[in-house]
Amino acid sequence: MPLRSRDHPGIGTAYEFESEAGDTIAVIWRVSGNVQVYLLAKDFPVPCVADLSGAEARRLGSILSGAPVKPAKEGVEITFSTLTDLRIGIRTCIVGQRLAGRRIGDLPVGVIVVAISRGGKSTASPSPEMVLLEGDLTVAVGESGALAAFEEAIRG
């Protein structure tokens with residue numbers, strides 16, 4: 001079951017292996033960032049293909065690697081197999097009128113704002129000094145309970 005890889009200039013990189021059952025699985029990471037997954041079952045001559053965005057491919061990779069991802073209202077919650085008592089969530093929340101004008105550093109403690117999208121422009125790792133505007137989309141990371149409190153506070 002060795003993994004074979006091959007670069008295809010202008011297309012991407014293909015990875016292929018054969019399962020113990022004799023099925024062939026191929027994954028093509030395209031230069032566009034999208035991914036194609038092919039399955040050719042041993043006893044079925046027609047391949048099955050799935051076209052995935054990069055984000056969908058990473059989500060599938062997390063599932064296949066054993067890191068359970070559970071959908072939340074507006075994000076995901078991840079449980080690590082080696083840290084079973086820790087549930088980290090990632091949520092998006094839109095800033096309401098009540099917190100507009102406040103700095104990120106003034107937000108409730110217990111979560112980390114890892115990105116903000118404002119007017120179609122996204123900023124990763126925003127400064128604690130950044131002032132929030134009504135309608136900003138925040139991406140926050142933290143434990144589930146802290147995220148719920150954050151979500152309630154930020155929506156105002």
Side-chain angles (χ1 to χ4, degrees), residues 1-96 104 107 110-128 130 132-148 150-152 154-155:
M1 163 167 102
L3 179 66
R4 297 175 297 280
S5 68
R6 190 169 58 197
D7 288 328
H8 299 278
I11 297 171
T13 304
Y15 301 90
E16 185 178 296
F17 70 95
E18 191 172 295
S19 72
E20 291 177 6
D23 300 327
T24 301
I25 299 160
V27 176
I28 301 173
W29 279 91
R30 302 182 64 81
V31 293
S32 66
N34 289 344
V35 178
Q36 288 181 314
V37 179
Y38 291 87
L39 170 62
L40 181 57
K42 178 178 144 185
D43 298 326
F44 193 72
V46 179
C48 179
V49 64
D51 289 307
L52 305 173
S53 68
E56 292 166 332
R58 286 185 292 280
R59 175 175 273 177
L60 177 60
S62 292
I63 292 167
L64 292 173
S65 69
V69 178
K70 174 174 113 178
K73 217 182 336 182
E74 294 181 17
V76 295
E77 186 173 279
I78 302 168
T79 304
F80 298 93
S81 58
T82 55
L83 303 169
T84 56
D85 63 330
L86 181 62
R87 300 180 82 80
I88 294 178
I90 304 168
R91 298 255 179 96
T92 59
C93 299
I94 296 175
V95 176
I104 290 174
L107 294 175
V111 300
I112 299 169
V113 175
V114 296
I116 289 189
S117 181
R118 175 183 293 164
K121 183 176 183 286
S122 298
T123 303
S125 301
S127 161
M130 184 176 202
L132 297 169
L133 301 178
E134 185 173 2
D136 283 352
L137 177 68
T138 63
V139 179
V141 176
E143 291 190 69
S144 298
L147 276 173
F150 171 77
E151 188 173 19
E152 188 175 314
I154 202 156
R155 290 189 179 194

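For the single chain, residues carry numbers from 1 onward in sequence order. It should be emphasised that the depicted structure is a prediction, and the values quoted were computed from it without experimental measurement.
Here the OG1-NE2 distance, from Thr13 to His8, works out to 8.0 Å after rounding to the nearest 0.5 Å. Interatomic distance, CD1 of Ile94 versus CD of Glu151, reported as 10.5 Å (0.5 Å rounding). Between the CG atom in Asp23 and the CG atom in Leu40 there is a gap of 8.0 Å [rounded to 0.5 Å]. Glu18 CD to Arg4 CZ: the interatomic distance, rounded to the nearest 0.5 Å, is 7.0 Å.
Under the 4.5 Å side-chain criterion, counting only non-hydrogen atoms from C-beta, Glu16 is not in contact with Leu3. The shortest distance between side-chain heavy atoms of Ile90 and Val114 does not fall below 4.5 Å. When side chains are defined from C-beta on, Leu132 counts as touching Ile116, because their heavy atoms get closer than 4.5 Å. Between Leu133 and Val95 there is no side-chain heavy-atom pair separated by less than 4.5 Å. Looking at Asn34 and Asp51, their side chains never come closer than 4.5 Å, going by heavy atoms from C-beta outward.
One N or O on the side chain of Thr138 and one on the backbone of Cys93 form a donor-acceptor pair closer than 3.5 Å.
The minimum heavy-atom distance linking Ser122 with Ser117 is given by the pair OG-OG, 3.4 Å. Of all heavy-atom pairs spanning Ala14 and Ile28, the tightest one is CB-CG1, 4.0 Å. A pairwise comparison of heavy atoms in Pro2 and Phe17 identifies O-CB, 3.6 Å as the closest pair.
For the side chain to side chain contact (heavy atoms under 4.5 Å, CB included) test with Val139, the passing option among Thr92, Val113, Ile112 is Thr92; the others fail.
Taking Asp43 as the reference, nothing meets the side chain to side chain donor-acceptor pair (under 3.5 Å) condition, with sequence neighbours excluded.
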